[in-house]
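Note on naming: letters A, B, ... go to the chains in the order of the sequence lines (proteins, then strands), and numbering restarts at 1 for each one. Just so you know, these numbers come straight off a predicted model, no measurement behind them.
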2 protein chains.
Amino acid sequence: MARTTPRGRTGAARAATVKDVADAAGVSIATVSRVVNGAPRVAEETKSKILKAVEALNYVPHTGARSLVTRRHDLIGVLLPDIHGEFFSEIVRGVDEAARRRGLHILVSNISGDANEDARVVAALRGRVGGLLIMAPDEGPDSLATRLPSDLPVVLMNTRGGGGRAALMIDNHAGALEAMAHLAAAGRRRAAHIAGPGRNIDASERLRGYRDGLAACFGGAAPMILQGDFCQTSGFEAGRAIAAMDPADRPDAVFAANDMMAVGCALALSEAGIRIPQDIALAGFDDIPLAGLVRPALTTVRLRMAEFGRRALARLVACMDDPDGACPEIEAMRPELVVRDSCGARSAPSGEEARPLAL
Amino acid sequence: MARTTPRGRTGAARAATVKDVADAAGVSIATVSRVVNGAPRVAEETKSKILKAVEALNYVPHTGARSLVTRRHDLIGVLLPDIHGEFFSEIVRGVDEAARRRGLHILVSNISGDANEDARVVAALRGRVGGLLIMAPDEGPDSLATRLPSDLPVVLMNTRGGGGRAALMIDNHAGALEAMAHLAAAGRRRAAHIAGPGRNIDASERLRGYRDGLAACFGGAAPMILQGDFCQTSGFEAGRAIAAMDPADRPDAVFAANDMMAVGCALALSEAGIRIPQDIALAGFDDIPLAGLVRPALTTVRLRMAEFGRRALARLVACMDDPDGACPEIEAMRPELVVRDSCGARSAPSGEEARPLAL
DNA sequence: GCAGTTTGTGTAAACGCTTACATTCCACGC
DNA sequence: GCGTGGAATGTAAGCGTTTACACAAACTGC
């Protein structure tokens, strides 16, 4: 097990303890503890004496000692995959905000997708955190989620399977469906899809949304799927493939499983002289900052990740407060369509769009 | 669930303790502790018996109890401002990676810039973390850094002042100087600067680099500074202002204090029919992902933020291990120039550039 | 064989905190 | 006067660890 290296000395001077405060205020440690924890039935006078001593000695309770006796932790573990950029910080911000409001702190760590290593990370967190927030969109059904310690409240974020755990999902299917409906409403007849990596739950749910959208809004047209991997290059290649098609077979709409691929696709199309949205309407997913900056501005589906983080934490706290409560429900957060210019169906510009930026 | 709990109580399963492991293995708790902590002089046979019991009981030491007696914490506080996106995740990833290698965990929190609120956050972290990593590029000299508890090892990241604290800086000045030298080497004569917000240390150091670059490489030409605020819109406005100038007075090079402003500026210039790099060479700072995607691809100065995070953590650990060691040195990390197309002085393409992407 | 060392293990005392229970004090009604 | 009850505070028992110290057994070298 984790062998601990001696670390983290807190400097020379011993920090003040309850005992020191009690002595300074001329009361017992129990009373100090009561004041520090806001317990009732302490005389005003005593309370202020103690608070003065706390201030003077710069006293801060030792959380280790506290959690030892209370048997609870005010730390939440947040495990996020190695996604880059925007999402990571957004989620962390949301979780942190919600945690802080409740007097909790968050312990952040990356998970790699390697089930063994991830299990080790989780193990290191037991005995330290009161609950776990885990996001692992690439997980197979048998990995991390099923190996979680049963005595630890966990909320899974956007993860496949879940094994009876509480989970908060992004409703990728609904978002994709909405994008497809939008393309259909813009008068398109034949929609292709640039798919993300298959083992990723976002990718596969968006693909499912595409298929269902085809059935629902495109009169059951045959699917036309180009495999991508969420990165821009793969979108570019998909775009080239589309450009190379016989114009008679060519789709008049493309729904990419994320914005990066949509941007790559847009580039390939415009290099081939295909106009967006006149010749081909294009929709993405995620609403990355770039989406509003490219020209034509990309119509996409927005995920509110900070909100997602906040809700996940709220869920987790609910589980922690009520350990026996049956809360392994799966809740979903619905993303929203952001209509810009790339589908040729622009509605009233939002505030963001009013800014004079483009590329 | 509670099957291995010795007390046999139904209800919430108590986590296994050293005592449980000791009983199961038929040894004393001291020996268990020794094995768990990798102490020497334990018979192989005993060790394996104990490890088996640890495994069977799914034992994890209670870190609170441990830190209570050892007087050390294996938690590091990481305080980051509300910067968005890329940087945040990069830094966290770097710090996490370096921390994990040392058996440490990181506690992440946002700081707002409001000195009182931030001080409260720091207070909540005392008695919980072994050290603090703080990044606050907007700090005034008298705020957070000076109010830090003196008994806590701290490494400041890219912060002004520092008040005798150890600090790890980004050498913005050197980076800016390098960008200026590059513009001069590309044959430019008259370089303008789009500045960032003045109270931000990155902005002011880059401005200083611009001025010194003017003196060193542009024969002491008069500065031409347009005030921006790091966001794209302000770069756009600066670009419009430049485009509106009498072509005789117009600069033939623009060094923007960050990439977002450079992109905004590029847009305004190209709207005005000014060509990049033929008419005006453009350089940015940060190397955001977008920088490689715009056309012409933006020459900029790259910050390796993950590396920055790793080094900051290493510094902090050094301070923690040697509390009396005088380590309040200020170390700087030098960014690197990334030459692309926007200065008209393209050198051999790097691997990244070989990708077929553009906008 | 015997002092001295080495090796493996156990005992028990903290660490700083919360909290059940005990105590004191005082006001009240009888 | 006494008993009663409530308010304010104190006493002390742990919470799960680590670790100094103690001890026993097994080796050394003579």
Side-chain angles (χ1 to χ4, degrees), chain A residues 1-10 13-50 53-54 57-74 126-128 130 151, chain B residues 5-7 9 12 14-50 53-54 57-74 126-128 130 151:
Chain A
M1 167 105 318
R3 144 204 117 59
T4 41
T5 352
R7 298 248 186 248
R9 309 190 33 173
T10 46
R14 217 184 89 263
T17 72
V18 256
K19 184 79 172 45
D20 301 326
V21 176
D23 290 351
V27 298
S28 76
I29 58 168
T31 307
V32 174
S33 175
R34 279 190 271 262
V35 169
V36 168
N37 293 294
R41 280 215 264 325
V42 177
E44 275 311 320
E45 191 194 0
T46 314
K47 187 185 288 186
S48 78
K49 254 193 320 194
I50 291 176
V54 164
L57 295 172
N58 202 6
Y59 167 72
V60 175
H62 187 292
T63 45
R66 177 179 282 176
S67 92
L68 183 56
V69 36
T70 59
R71 295 160 162 293
R72 40 183 34 248
H73 301 271
D74 57 357
R126 275 190 49 204
R128 178 193 304 273
D151 56 350
Chain B
T5 310
R7 286 271 187 265
R9 292 193 45 165
R14 217 185 87 257
T17 71
V18 254
K19 183 80 172 48
D20 301 326
V21 176
D23 289 351
V27 297
S28 76
I29 59 168
T31 305
V32 173
S33 175
R34 279 189 272 261
V35 168
V36 168
N37 293 293
R41 284 221 237 9
V42 178
E44 275 310 320
E45 192 194 0
T46 315
K47 188 185 289 186
S48 78
K49 254 193 321 197
I50 291 176
V54 163
L57 295 173
N58 202 6
Y59 167 71
V60 175
H62 188 291
T63 45
R66 177 179 280 176
S67 92
L68 181 57
V69 37
T70 59
R71 295 160 162 293
R72 47 179 64 107
H73 302 271
D74 56 357
R126 275 188 50 203
R128 178 191 304 274
D151 57 349

Which is true for B:Thr63 with a 4.0 Å heavy-atom rule: it touches a base, it touches only sugar-phosphate, or it touches nothing?
nothing
B:Thr17 versus B:Tyr59, closest heavy-atom pair with distance
C-CE1, 3.5 Å
Verdict with reasoning, B:Arg126 to B:Asp151, per side chain to side chain contact (heavy atoms under 4.5 Å, CB included)
CA-CA 9 Å; B:Arg126 275 188 50 203; B:Asp151 57 349; 3.9 Å; yes
Figure out the CG/C1' separation between A:Leu68 and C:dC15, and round it to whole Å.
9 Å
Round to the nearest Å and state the distance from A:Arg66 atom CZ to D:dG14 atom C1'.
17 Å
Sole candidate of B:Asp20, B:Val42, B:Val21 that passes side chain to side chain contact (heavy atoms under 4.5 Å, CB included) when paired with B:Val32
B:Val21
Report the residue (A:Glu44 or A:Ile29) whose heavy-atom-nearest nucleotide on DNA chain D is the more 5′ of the two.
A:Glu44
Hey, which sits more toward the 5' end of DNA chain C by its nearest nucleotide, A:Arg34 or B:Thr70?
B:Thr70
Taking only the side-chain nitrogens and oxygens of B:Arg71, find out if one of them lies under 4.0 Å from OP1 or OP2 of D:dT17.
no
For B:Ala30, which contact category applies under a 4.0 Å heavy-atom criterion: base, sugar-phosphate, or nothing?
base
B:His73 and B:Gly130 have their tightest heavy-atom pair at CB-N, 3.6 Å
Mind calculating the distance between CZ (B:Arg128) and P (C:dG16) to the nearest angstrom?
17 Å
Any side-chain N or O of B:Ser28 less than 4.0 Å from the OP1 or OP2 oxygen of C:dG10?
yes
CG of B:Asn37 versus P of D:dG16: gap in Å, rounded?
17 Å
Identify, between B:Gly26 and A:Val32, the residue whose nearest nucleotide on DNA chain C lies closer to the 5' end.
B:Gly26
I would like to know whether A:Arg66 and A:Asn37 meet side chain to side chain contact (heavy atoms under 4.5 Å, CB included); could you show each step before the answer?
CA-CA 11 Å; A:Arg66 177 179 282 176; A:Asn37 293 294; 3.4 Å; yes
In whole angstroms, how far is the P atom of D:dG10 from the CD1 atom of A:Ile50?
8 Å
Rounded to the nearest angstrom, tell me the gap between atom CZ in B:Arg72 and atom C1' in C:dC15.
13 Å
Atom CD of A:Glu45 to atom P of D:dA8: distance rounded to whole Å?
12 Å
B:Lys49 NZ to C:dT9 C1': how many Å, rounded?
11 Å
Base, sugar-phosphate, or nothing: which does A:Ser33 touch, judged by heavy atoms less than 4.0 Å apart?
base
Check every strand shown and say whether A:Ser67 touches a base, only sugar-phosphate, or nothing at a heavy-atom separation below 4.0 Å.
nothing
If you compare every side-chain N and O of B:Arg41 against the phosphate oxygens of C:dG8 (OP1, OP2), does one of them come in below 4.0 Å?
no
Select base, sugar-phosphate, or nothing to describe what B:Val18 touches, counting heavy atoms under 4.0 Å on all strands.
base
With a cut-off of less than 4.0 Å, is there a side-chain N or O of B:Thr31 near OP1 or OP2 of C:dG8?
no
